[in-house]
K.L.:
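Below is one structure. I have some questions about it.
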Amino acid sequence: MFRQVLIIILSVIVIGDILIAQESLVREIEKSGSAYMNLLPPDDEAKLFEPDIFKEYLKTVPDNVLPFHSPIIFTPDLREAYWTPMIGGAGILFSKFADEKWTEPQKLEPGIKHGGLDPILSVDGNKLFFLSRQHPESEIRSRERIWFVEREKRGWSEAKPLDEIINNFSLHWTFSVAANGNLYFGSEGEIYCSEYLNNQYRKPRKLEQVINNDMNNSCPFIAPDESYLIFTRALESSDDLFISFKDESGNWGKAINLGEKINSEEAHDIAPRISPDGKYLFFLSKTTKAGMHWVNTDFIKKLRYK
């Protein structure tokens with residue numbers, strides 16, 4: 001019992017230290033004027049995220065086609081960005097803020113034949129997870145599995161697949177990792193969590209019925225401290241973003257629709273991601289102007305205490 005309490009206390013301290021360090025880095029880059037690729041921040045109504053480095057690519061994409069397979073993610077210092085385009089088979093692209101500007105998009109080469117999709121960073125920015133159709137034991141194209149690379153002095157390491165206890169599941173589209181390493185993913189219309197204990201993933205468990213109702217639920221984003229979960233739920237005529245908050249007993253509360261300022265009428269709103277400073281929600285939306293959208297996260301506090 002004492003050992004379990006000690007582990008919990010140490011985990012809280014580590015997460016706190018990570019968040020404090022991130023806040024310091026964010027303040028530094030915000031002063032430079034480069035945060036979020038120099039775009040004017042959104043208010044409480046979602047708008048397109050279209051920085052200059054996207055413009056040439058977007059010219060090649062019809063308005064009614066979703067241009068991206070995953071929304072953009074940023075490192076904790078906001079100086080690196082990663083995303084996946086939908087068209088062109090480019091895999092994961094990235095850009096860095098260097099010499100007072102964002103570099104032109106480059107392809108991430110994780111050392112496997114079949115590229116990657118839908119990148120997500122660990123909270124400390126030292127692991128990059130992604131989906132790939134690479135078979136773990138050969139170069140043949142196979143079903144989607146989760147892989148990861150780790151940050152090294154020279155860049156990213158060679159890619160490795162996650163444990164088969166995760167990759168035995170049918171996986172597709174975006175997933176998420178909490179500060180303690182716990183992994184949240186969708187499989188066959190339901191959302192699962194695998195606890196990360198002693199450097200190993202445990203058998204995934206299906207989340208409660210308030211999350212996994214009789215609709216198709218997917219694309220989970222978990223808060224770093226696991227206090228809330230944002231995900232996509234399929235409705236009769238659209239896919240909407242919902243949020244659920246965890247109570248003091250560790251149970252998930254009723255899922256709440258994020259509302260018309262974020263969800264589009266009769267459209268697909270999918271793949272939520274919260275920025276590392278907690279200020280913005282990024283997601284994909286297939287509306288009359290399909291693309292990557294962002295909105296400030298004031299809605300989280302409002303819905304938590306509604």
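Residue numbers start at 1 and run along the sequence shown.
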K.L.:
Can you name the side chain to side chain donor-acceptor pair (under 3.5 Å) partners of Glu152, sequence neighbours left out?
P.N.:
Arg154
K.L.:
Does the side chain of Leu93 come within less than 4.5 Å of Tyr57's, by heavy atoms?
P.N.:
no
K.L.:
Do Leu128 and Phe94 make a side-chain contact, defined as non-hydrogen atoms from C-beta onward lying under 4.5 Å apart?
P.N.:
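In short, these two side chains do not touch, never coming nearer than 4.5 Å.
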K.L.:
Report the distance from atom CZ of Arg304 to atom OG of Ser227, rounding to the nearest 0.5 Å.
P.N.:
4.5 Å
K.L.:
Is there a side-chain contact between Gln134 and Glu139 in this structure, where contact means two heavy atoms from C-beta onward sitting under 4.5 Å apart?
P.N.:
yes
K.L.:
Side chains of Ser170 and Glu188 only: does a donor on one sit below 3.5 Å from an acceptor on the other?
P.N.:
yes
K.L.:
Can you confirm whether Val123 sits close enough to Val177 that some side-chain heavy atom of one is under 4.5 Å from a side-chain heavy atom of the other?
P.N.:
no
K.L.:
Determine yes or no for a side-chain-to-main-chain donor-acceptor pair under 3.5 angstrom, with Asn167 supplying the side chain and Ile146 the backbone.
P.N.:
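Such a contact is found between Asn167 side chain and Ile146 backbone.
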K.L.:
Any side-chain donor-acceptor pair under 3.5 Å between Asn251 and Ser249?
P.N.:
no
K.L.:
Trp156 vs Tyr82 aromatic rings, parallel, tilted or perpendicular, using cut-offs 30° and 60°?
P.N.:
perpendicular
K.L.:
Could you check whether atom CD of Glu260 has more than 12 heavy atoms from other residues, nucleotides or ligands sitting under 6.0 Å from it?
P.N.:
no
K.L.:
Going by the angle between their ring planes, with limits at 30° and 60°, are Phe221 and Tyr228 parallel, tilted or perpendicular?
P.N.:
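Phe221 and Tyr228: tilted rings.
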K.L.:
Supply the atom-to-atom distance Thr297 OG1 to Lys302 NZ, rounded to the nearest 0.5 angstrom.
P.N.:
10.5 Å
K.L.:
Give, for atom CZ of Arg233 and atom CD1 of Ile191, the distance between the pair rounded to the nearest 0.5 Å.
P.N.:
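Interatomic distance, Arg233 CZ to Ile191 CD1, rounded to 0.5 Å: 8.0 Å.
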K.L.:
Among Leu131, Asp118, Thr174, which one satisfies side chain to side chain contact (heavy atoms under 4.5 Å, CB included) with His69?
P.N.:
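Option passing the side chain to side chain contact (heavy atoms under 4.5 Å, CB included) with His69: Asp118.
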K.L.:
Walk me through it: do Lys160 and Glu158 pass the test side chain to side chain contact (heavy atoms under 4.5 Å, CB included)?
P.N.:
CA-CA 7 Å; Lys160 300 176 183 177; Glu158 294 292 300; over 6 Å; no
K.L.:
Measuring from atom CZ of Phe68 to atom CD1 of Ile87, what distance do you get when rounded to the nearest 0.5 angstrom?
P.N.:
10.0 Å
K.L.:
May I ask you to check whether over 12 heavy atoms, not counting those of Asp247, lie within 6.0 Å of atom CG?
P.N.:
yes
K.L.:
Check whether any side-chain heavy atom of Arg151 lies under 4.5 Å from a side-chain heavy atom of Thr75, and answer yes or no.
P.N.:
yes
K.L.:
Return yes if some donor-acceptor pair links the side-chain N/O of Ser95 with the main-chain N/O of Thr103 below 3.5 Å, else return no.
P.N.:
yes
K.L.:
With heavy-atom distances below 4.5 Å as the criterion, would you say the side chains of Lys113 and Arg141 are in contact?
P.N.:
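No, every pair of side-chain atoms sits at 4.5 Å or beyond.
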K.L.:
Looking only at side-chain N and O atoms, does Asp277 offer a donor or acceptor that is under 3.5 Å from a partner on Tyr36?
P.N.:
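Distance-only check passes for Tyr36 and Asp277.
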K.L.:
With side chain to side chain contact (heavy atoms under 4.5 Å, CB included) as the test, would you mind laying out the steps for Leu303 and Phe245 before giving the verdict?
P.N.:
CA-CA 9 Å; Leu303 292 176; Phe245 296 97; 4.0 Å; yes
K.L.:
I'd like to check Val295 versus Leu258 (side-chain heavy atoms, cut-off strictly below 4.5 Å). Are they in contact?
P.N.:
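Not in contact.
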K.L.:
Look at the rings of Phe282 and Phe49 and say which category their plane angle falls in: under 30° parallel, 30 to 60° tilted, over 60° perpendicular.
P.N.:
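The rings of Phe282 and Phe49 stand perpendicular, inter-plane angle above 60°.
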K.L.:
I'd like to check Pro276 versus Leu78 (side-chain heavy atoms, cut-off strictly below 4.5 Å). Are they in contact?
P.N.:
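Yes. Closest side-chain heavy atoms under 4.5 Å.
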K.L.:
Counting N and O atoms only, with roles assigned by atom type, does the side chain of Ser132 sit under 3.5 Å from a partner on the main chain of His114, one being a donor and the other an acceptor?
P.N.:
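Side chain of Ser132 to backbone of His114, a donor-acceptor pair under 3.5 Å: yes, one is there.
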K.L.:
How are the rings of Phe242 and Phe231 set relative to one another: parallel (under 30°), tilted (30 to 60°) or perpendicular (over 60°)?
P.N.:
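Parallel.
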K.L.:
Within a reach of under 6.0 Å around CD of Gln200, are more than 12 heavy atoms found that belong to other residues, nucleotides or ligands?
P.N.:
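For Gln200, atom CD is not crowded (no more than 12 foreign heavy atoms under 6.0 Å).
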K.L.:
Determine the interplanar angle of the Phe185 and Tyr192 rings, folded into 0 to 90°, and report it as parallel if under 30°, tilted if 30 to 60°, perpendicular if over 60°.
P.N.:
parallel
